[in-house]
Amino acid sequence: LSIEDDIKFVEQGSSATFSVSVENTGNVEDIFEFYDTTSLEGQQAWNKPWTWDIFSPQMVQLSPGEIRTLEVIVEVPMSQVPGVFALVMYGWSTSGNRFNFGPGGTADVVELFVHVSHKVEGNIVITPSEQRLYMIPNECIDMSFQISKHYSSGHLSDFQLNVSGF
């Protein structure tokens, strides 16, 4: 198993797609299997956070020397606390021992890292109370805004809105 880009950066509520290459280094046709991400055993093997979804093939058949690229899709829920998470993809040949890792072995593993950040777009929305205001040069006006926070935990703190230069 191999992967070129082992870390993906996503916002809460998004998905990441990894391309994982599988190579049959043997001299006979073989089937390679991967843990089912929906089974309890598979969820533990993948180190899958409870509320995430992972979509990955459970098997691939390869001729001698053949390399195939598999797509692994990881869906991160909106409720996920930001952080870096390591997923583990195990693969093994059905013709050998699934725990025989290393050179010449019949099993392999790759780590897929997902860096989750706060959802940005649409998270904090500032809406003016009036759609149109007219003013003349050197005039001061008062405006009010409605501010709402839509995603992730935490509270809005006091802040100052600078509108100079408009």
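Note that this is a predicted model, so its numbers are computed, not measured. Note that the numbering runs from 1 along the sequence shown for the chain. Side chains included, hydrogens not; waters and symmetry mates left out as well; all remaining heavy atoms used.
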Taking side chain as C-beta onward, heavy atoms only, is Thr17 less than 4.5 Å from Val72? no

To check you understand the geometry: which heavy-atom pair defines the closest contact between Ala86 and Asn47, and what is its length? O-ND2, 2.8 Å

With rounding to the nearest 0.5 angstrom, report the CG to OG distance, Leu70 to Ser19. 9.0 Å

Should Thr69 and Val20 be marked as a side-chain contact (heavy atoms from CB on, under 4.5 Å) after you check the CA-CA gap, both sets of side-chain angles, and the distance that decides it? CA-CA 5 Å; Thr69 301; Val20 178; over 6 Å; no

State, to 0.1 Å, how close Asp5 and Ile7 come at their nearest heavy-atom pair, and which atoms those are. OD1-O, 3.0 Å

Assigning hydrophobic clusters by single linkage (Ile, Leu, Val, Met, Phe, Trp, Tyr; side-chain heavy-atom cutoff under 4.5 Å), is Val60 placed with Val88? yes

Using the ring centroid of each side chain, check whether Trp52 and Phe85 are separated by less than 6.0 Å. yes

What are the two closest heavy atoms between Tyr90 and Leu1, and how far apart are they? C-CD1, 4.2 Å

When you look at Val76 and Asp53, which way does the side-chain contact (heavy atoms from CB on, under 4.5 Å) test go after all the steps? CA-CA 7 Å; Val76 177; Asp53 287 319; over 6 Å; no

Nearest-0.5 Å distance that lies between atom OG in Ser15 and atom CZ in Phe55: 9.5 Å

Pair Asp6-Val110, side-chain contact (heavy atoms from CB on, under 4.5 Å): steps then yes or no: CA-CA 8 Å; Asp6 66 346; Val110 291; over 6 Å; no

Does Thr94 use its side chain to pair, donor to acceptor, with the backbone of Ile31 at less than 3.5 Å? yes

Would one find more than 12 heavy atoms of other residues, nucleotides or ligands at under 6.0 Å from atom CD of Glu4? no

Contact summary for Gln12 and Gln80, nearest pair of heavy atoms: NE2-O, 2.8 Å

Gap separating the OG atom of Ser93 from the CG atom of Leu62, nearest 0.5 angstrom: 9.5 Å

In the structure I gave you, are the side-chain heavy atoms of Val74 and Trp46 within less than 4.5 Å of one another anywhere? no

For the residue pair Lys8 and Phe113, would you count it as a cation-pi contact if the rule is NZ or CZ under 6.0 angstrom from the ring centre and within 45 degrees of the ring axis? no

Would Tyr35 and Trp92 count as a ring-ring contact (aromatic ring centres under 6.0 Å, His included) if you check the C-alpha gap in whole Å, the side-chain angles of each, and the deciding distance to 0.1 Å? CA-CA 9 Å; Tyr35 281 106; Trp92 61 89; 4.9 Å; yes

What are the two closest heavy atoms between Ala16 and Val10, and how far apart are they? CB-CG1, 3.7 Å

Trace of the side-chain hydrogen bond (donor to acceptor under 3.5 Å, both in side chains) decision for Trp50 with Gln43: CA-CA 8 Å; Trp50 182 253; Gln43 290 174 22; over 6 Å; no

Go through it in stages, so that I can follow the logic: the residues are Met89 and Phe34, the test is side-chain contact (heavy atoms from CB on, under 4.5 Å), and I'd like the CA-CA distance, side-chain angles, deciding distance and then a yes or no. CA-CA 7 Å; Met89 182 179 188; Phe34 310 94; 3.6 Å; yes

Leu87 side chain near Pro49 side chain, heavy-atom distance below 4.5 Å: yes

What distance separates Lys119 NZ from Ser14 OG, expressed to the nearest 0.5 Å? 5.5 Å

For the side chain of Arg68 and the backbone of Gln61, is there at least one donor-acceptor N/O pair under 3.5 Å apart? yes

Where does the angle between the aromatic ring planes of Phe9 and His115 fall among parallel (under 30°), tilted (30 to 60°) and perpendicular (over 60°)? tilted

If every non-hydrogen atom of Phe32 is compared with every non-hydrogen atom of Glu23, which pair is closest and at what distance? CZ-O, 4.2 Å

Could you tell me the separation between the NZ atom of Lys48 and the OG1 atom of Thr51, rounded to the nearest 0.5 Å? 7.5 Å

Rounded at 0.5 Å granularity, tell me how far OG1 in Thr37 sits from CD in Gln58. 7.0 Å

Any luck finding a side-chain donor-acceptor pair between Glu66 and Asn24 under 3.5 Å? no

